[in-house]
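See below for the structure under consideration.
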Amino acid sequence: MSPKFYVTTAIYYANAAPHIGHAYEIIAADVIARFQRLVGKDVFFLTGTDEHGIKVEKTAAKHYVSPKEYVDTISEHFRNTWQFLNVDYSRFIRTTEPDHYDVVSALWRKLLAKGDIYKASYTGLYCAGCETFSNPRDLTPEGFCPNHLTPPEPVEEENYFFRLSNYKQAILDHMEANPDFILPAFRRTEILNQLEELEDISVSRSRRSVSWGIPVPDDPEQVIYVWIDALSNYITGIGWNKNEAEFQKYWPADVHVIGKDILRFHAIYWPAMLMAAEIPLPKSLLVHGFITVADTKISKSIGNVISAQDLVERFELNTVDPIRYYMMASTGIGQDGSYTDEEFKNRINADLANNLGNLLNRTLNMLNKYFDGQLPQPDKDVETLARQEELAAIREHYEQYRFNEAIQAMMELVDKANKFVNDKQPWTLHKEDRIQELGNVLYTVLETVRQVAIMLAPVTPMISQRIWEQLGCQGEVKKADWRWIQGKPLVGGQATALGEPILPRLESEIVGAGKKK
Ligand code: MSP
């Protein structure tokens with residue numbers, strides 16, 4: 001039986017359409033999932049939409065539709081966009097689904113029975129944008145929420161509380177014993193600081209202030225406040241409380257991919273809730289940075305929201321792979337990344353159209369000219385360009401979520417192959433009638449391209465498939481196995497199929513949005 005791998009994204013608030021910031025996160029998760037399948041794991045990949053709460057309720061009201069109608073539309077928009085981006089998830093969960101209601105209620109009852117949920121009256125400041133109570137300490141001098149620059153609303157009501165403070169030591173111990181719990185490691189300090197002053201948290205709101213949510217079991221006047229509802233999607237998704245075999249197979253999650261803004265909820269609230277429910281903790285949190293447009297926060301009010309669909313139109317792309325590639329190549333996972341049209345175009349042209357695309361194209365052209373498109377039978381000791389340690393390093397980069405470094409190492413391999421062609425000068429070998437040597441050179445180059453196609457497939461599945469077909473390889477590259485990189489070289493005699501360039505050069509004029517300041 002293959003070992004399992006369970007990867008999740010955050011679930012996206014169903015109150016606005018997806019943009020390239022959300023896309024960045026799910027592409028990273030999809031690359032992880034595809035890589036883990038490539039190395040033979042049985043992967044479960046969960047994503048979805050977070051559909052309850054005040055924010056959704058307010059936005060729906062603004063559009064004169066019911067919350068349910070509103071989230072149905074937005075959720076579908078997310079699903080369509082992820083399909084458009086070729087995201088291969090196992091389940092798309094919606095927090096409005098019946099099995100999730102059951103999980104949240106069951107989890108609530110468990111925490112209550114344990115004595116970790118209690119009722120108390122509360123006075124505080126609530127930021128609907130964050131869906132959380134604000135700590136007065138964290139507000140701006142004007143008293144605004146630092147994330148939304150709007151004043152939080154004063155709230156006075158009787159709510160249920162979760163004894164978060166009980167779990168402080170256990171969380172510290174867990175972080176100590178599991179140095180890889182929070183990745184990249186520099187994010188740990190932030191959580192260690194926040195653990196210093198840990199207070200119990202409110203986990204319900206009165207139905208008067210928010211009606212769009214899951215009712216508290218046996219107390220319909222109260223509604224479960226979003227974080228218990230949202231976080232538990234990760235266990236609903238694989239059948240907790242319903243399909244024990246499936247749950248046991250995939251839990252604990254290997255990695256929750258999340259943005260830096262929601263680390264606190266995942267590194268403190270979620271572990272505490274799981275400990276209270278006596279469920280093992282996820283193995284790691286992969287915390288990514290934020291994507292901006294030319295260093296400016298992506299925001300509707302600024303008017304700089306860009307979607308994946310916009311980019312496809314703007315550059316007349318015939319595949320979404322350049323978007324996936326750019327996102328993974330340009331920004332290391334913990335860093336913030338700034339999107340600009342210019343950098344996008346330059347990066348894609350340099351790496352995919354020129355470096356990789358031209359290499360394949362010119363080599364297949366020579367193969368057509370000199371060998372009628374048929375792969376020659378190489379010598380037994382034919383040169384290979386990718387050294388064992390280079391391949392191992394690429395795998396290691398993927399395993400450690402350093403996608404930009406994996407890509408860089410692959411591009412270095414492509415550089416090496418381009419240089420090899422220039423040094424060996426196949427056209428001279430042909431002129432001098434050194435046919436066996438000529439065959440060896442072309443074979444070596446195409447074999448390197450084949451290896452890159454497999455290794456790059458988690459990032460650029462469509463482009464890899466185009467390469468695969470032009471090389472005359474059978475089947476789908478997404479079904480390949482990492483062991484084929486060295487174990488299944490191209491076969492002499494195989495017919496190749498030179499086609500259109502795997503990616504036409506991007507020529508579009510650079511338009512307004514995203515121009516570098
Ligand atoms: N619904 C909550 C998460 C609950 S998870 C149990 C939420 N939703 S969100 O739609 O606001 O954000 C979803 C994810 O997208 C988060 O991980 C967030 O960090 C990420 N991003 C939102 N904007 C982003 C960028 N501009 N750049 C990168 N990621 C961004 O929070």
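Ligands are counted one by one from 1 in listed order, and the atoms in each one are counted from 1 as well. In what follows, residues are counted from 1 in the order of the sequence shown.
- Distances below 4.0 Å separate heavy atoms of D50 from the following atoms of ligand 1: 1 (N), 2 (C), 4 (C).
- Atoms of ligand 1 lying under 4.0 Å from at least one heavy atom of A230, given by number and element, are 6 (C).
- The shortest contact between atom 25 (C) of ligand 1 and any protein heavy atom is with G21 CA, 3.4 Å.
- Remark: the backbone N or O of K68 is not paired with any side-chain donor or acceptor of W212 at under 3.5 angstrom.
- With hydrogens and angles disregarded, no donor-acceptor distance shorter than 3.5 Å links the side chain of K41 to the backbone of S2.
- The number of heavy atoms from other shown groups lying within 6.0 Å of CZ (F186) is above 12.
- Surrounding CD of Q83 are at most 12 heavy atoms belonging to other residues, nucleotides or ligands under 6.0 Å away.
- Judged purely by atom type and a 3.5 angstrom limit, R163 uses its side chain to pair as donor or acceptor with the backbone of G115.
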Are V56 and E51 close enough, and set up right, to give a side-chain contact (heavy atoms from CB on, under 4.5 Å), and what steps lead you there? CA-CA 7 Å; V56 167; E51 307 192 355; 5.7 Å; no
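- A heavy-atom separation below 4.0 Å is found between H19 and ligand 1.
- Interface of G289 with ligand 1, defined as ligand atoms under 4.0 Å from a residue heavy atom, comprises 28 (C).
- Note: L281 CG to M275 CE = 4.5 Å, rounded to the nearest 0.5 Å.
- Annotation: atom 18 (C) of ligand 1 to nearest protein heavy atom, D261 OD1, 3.5 Å.
- Checked against a 6.0 Å centroid threshold, the rings of F265 and W227 count as neighbours.
- For atom 7 (C) of ligand 1, the nearest protein heavy atom (residue, atom name, distance) is Y13 CE1, 3.4 Å.
- Residue contacts with ligand 1 leave out G337, since none of its heavy atoms falls under 4.0 Å from the ligand.
- Considering backbone and side-chain N/O of L231, none are found under 3.5 Å from N/O of ligand 1.
- Taking atom 26 (N) of ligand 1 as the reference point, the nearest protein heavy-atom neighbour is I291 O, 3.0 Å.
- Atom 16 (C) of ligand 1 has its closest protein heavy atom at E25 OE1, 3.4 Å.
- Atoms of ligand 1 lying under 4.0 Å from any heavy atom of G259, numbered from 1 in the order shown and given with element: 17 (O), 19 (O).
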Residue pair E142, T140: steps toward the side chain to side chain donor-acceptor pair (under 3.5 Å) verdict: CA-CA 5 Å; E142 301 79 30; T140 65; 3.0 Å; yes
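- In terms of protein heavy-atom proximity, atom 13 (C) of ligand 1 is closest to Y12 CD2, 3.4 Å.
- Counting non-hydrogen atoms of other residues, nucleotides and ligands closer than 6.0 Å to CD of Q194 gives a total above 12.
- Heavy-atom proximity to atom 6 (C) of ligand 1, evaluated over Y24, W270, Y234, is greatest for Y234.
- The protein heavy-atom contact nearest to atom 29 (N) of ligand 1 is H288 CE1, 3.1 Å.
- Within ligand 1, the atoms closer than 4.0 Å to a non-hydrogen atom of W227 are 3 (C), 4 (C), numbered from 1 in the order shown.
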Working note: Y12 + W82, criterion ring pair (Phe, Tyr, Trp, His ring centres under 6.0 Å); need CA distance, chi angles, decisive distance, verdict. CA-CA 12 Å; Y12 304 95; W82 300 159; 5.6 Å; yes
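- Shortest contact from atom 22 (C) of ligand 1 to any protein heavy atom: H22 CD2, 3.7 Å.
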